[in-house]
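Values below: every heavy atom of this structure, side chains too, minus hydrogens, waters and symmetry copies. Residue numbers start at 1 and run along the sequence shown. What you are looking at is a predicted structure, and each value in this text was computed from that prediction instead of being measured.
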Amino acid sequence: MSKGLTQEQVEALADQVDTAARRNETIPMLTAAVPEMTLHDAYRIQRASMLRRYRRDERLIGMKMGLTSLAKMRQMGVHEPIYGHLTSTMRLADGGQIIHSAHIHPRVEPEVAFILGHDLRGPVTPSEAMQAVSGVCVALEVLDSRYRDFKFTLIDVVADNASSCKIVLGSTLLPPATIDVSNLGMLLERNGRIEELGSSAAIYEHPARSLAELANMISTFGEWLHAGQIILAGGATRAIAVEPGDHVRVLVEGLGTAELFVRG
Ligand code: OOG
Ligand code: MG
């Protein structure tokens, strides 16, 4: 059995993805140079790249699930759910902006977010996971892959922190007991036109199932989710590329909106 990459290899690959993310430069897929890399190695690289961010005073504010919907799996050609880490510099205000030229090829997608009121340690069921949730809100995620043409394998996208870039949360935070998140209508609009239309049911069949899966996945690293963290359950539709001048908005039935302006 392969023992996986050495810590030196993991650190060198983490430097590559971290530098690419800081400079907004594309890099070739890591698996092209290191074909023996496993999924576990990719999560080690992701964690090592996060340590570089924490040393620059970014704080961990939550986590995200990705590729939890069929629409996203089909769009990206990757068919397993993945997770990534969210930090303080990724958070934008509702109605905030990004500068297009400060990113590589940004895309946006509609999401549902959970705010945790309690720690959540896997293994858990979806209904147990929901007991740790204190608030639910709409989210707009900005993705930006560090790989050329937004093309990657499962292992490469995990090493690149699941294409994480920015998040916008809607201003309405509802207690989970007051809203059933299983099948809420979701819209992604650009410049007032509907671009994508879906349902929260597309998110791993139920956003709570996605949350539970995240807790279960990180438990293999001996980790758990913490009270106060923001958890994105995954995009419900395809992600769309944005251009300078765009105004994008996500609407989730009963949860309100989250919006973003894209400047040149
Ligand atoms: C990977 C990240 C996927 C989601 O919600 O499905 C993701 C990507 O599509 O670049 O965030
Ligand atoms: Mg996402």
Looking only at non-hydrogen atoms, find the nearest pair between [X] and [Y] and report the distance.
X    : Y    : answer
M65  : A233 : CB-O, 3.5 Å
V142 : C165 : O-CB, 3.1 Å
S199 : M186 : C-SD, 4.0 Å
A48  : A14  : CB-CB, 3.6 Å
N216 : P123 : OD1-CA, 3.0 Å
A208 : F114 : N-CZ, 4.1 Å

Spacing of [atom1] belonging to [X] relative to [atom2] belonging to [Y], to within rounding of 0.5 Å:
X    : Y    : atom1 : atom2 : answer
S127 : H206 : OG    : NE2   : 9.5 Å
D144 : N24  : CG    : CG    : 6.5 Å
M130 : T125 : CE    : OG1   : 11.5 Å
I155 : E36  : CD1   : CD    : 10.5 Å
I167 : L143 : CD1   : CG    : 11.5 Å
I218 : W224 : CD1   : CH2   : 9.0 Å

Are side-chain heavy atoms of [X] and [Y] found at a separation under 4.5 Å?
X    : Y    : result
L255 : I179 : yes
E80  : T68  : no
I98  : R263 : no
L86  : S164 : yes
V248 : E189 : no
H100 : P106 : yes
K64  : I230 : no
H79  : L67  : no

Is a side-chain N or O of [X] found less than 3.5 angstrom from the main chain of [Y], in a donor-acceptor match?
X    : Y    : value
E111 : G234 : yes
T178 : P175 : yes
D119 : H226 : no
E11  : E8   : no
S49  : V17  : no
Q75  : A239 : yes
S101 : G264 : yes
Q46  : V158 : yes
S134 : I115 : yes

Going by salt bridge (Lys or Arg N to Asp or Glu O under 4.0 Å), name the pairs with one or both residues in [range], residues two or more places apart or in two chains.
range            : result
residues 148-175 : R146-D160
residues 223-248 : R47-E223, R190-D246, E196-R238
residues 91-109  : K72-E109

By salt bridge (Lys or Arg N to Asp or Glu O under 4.0 Å), R22 pairs with (sequence neighbours left out) D18

Check against side-chain contact (heavy atoms from CB on, under 4.5 Å), M90 and N161: CA-CA 12 Å; M90 297 181 190; N161 195 28; 3.8 Å; yes

Can [Y] be reached from [X] by stepping across I, L, V, M, F, W or Y side chains whose heavy atoms are under 4.5 Å apart?
X    : Y    : value
L188 : L92  : yes
L5   : F152 : yes
V34  : L154 : yes
L173 : L184 : no
V242 : L140 : yes

Could I get the full list of ring-ring contact (aromatic ring centres under 6.0 Å, His included) partners for F150, not counting sequence neighbours? H105

Does R59 CZ have over 12 foreign heavy atoms under 6.0 Å away? no

Going through the checks in order, is the side-chain contact (heavy atoms from CB on, under 4.5 Å) test met by L232 and E141? CA-CA 9 Å; L232 298 191; E141 183 179 13; 4.0 Å; yes

Using side chain to side chain donor-acceptor pair (under 3.5 Å), reason through E58 and T89 one step at a time and then give a plain yes or no. CA-CA 6 Å; E58 293 183 37; T89 57; 2.9 Å; yes

Under 4.0 Å between a side-chain nitrogen and a carboxylate oxygen: does that hold for R249 and E259? no

Please determine whether side-chain contact (heavy atoms from CB on, under 4.5 Å) holds for the pair T19 and E25, giving the CA-CA distance in whole Å, both sets of side-chain angles, and the decisive distance to 0.1 Å. CA-CA 8 Å; T19 304; E25 285 171 3; 5.6 Å; no

Could you go step by step and tell me if L211 and L225 meet the side-chain contact (heavy atoms from CB on, under 4.5 Å) rule? CA-CA 10 Å; L211 175 64; L225 299 170; 4.0 Å; yes

Of all pairs that satisfy ring-ring contact (aromatic ring centres under 6.0 Å, His included), the ones with a partner from residues 13-46, not counting sequence neighbours: H40-F221, Y43-Y83

Would you please test D41 and T38 for side chain to side chain donor-acceptor pair (under 3.5 Å) and show each step? CA-CA 5 Å; D41 291 326; T38 64; 3.1 Å; yes

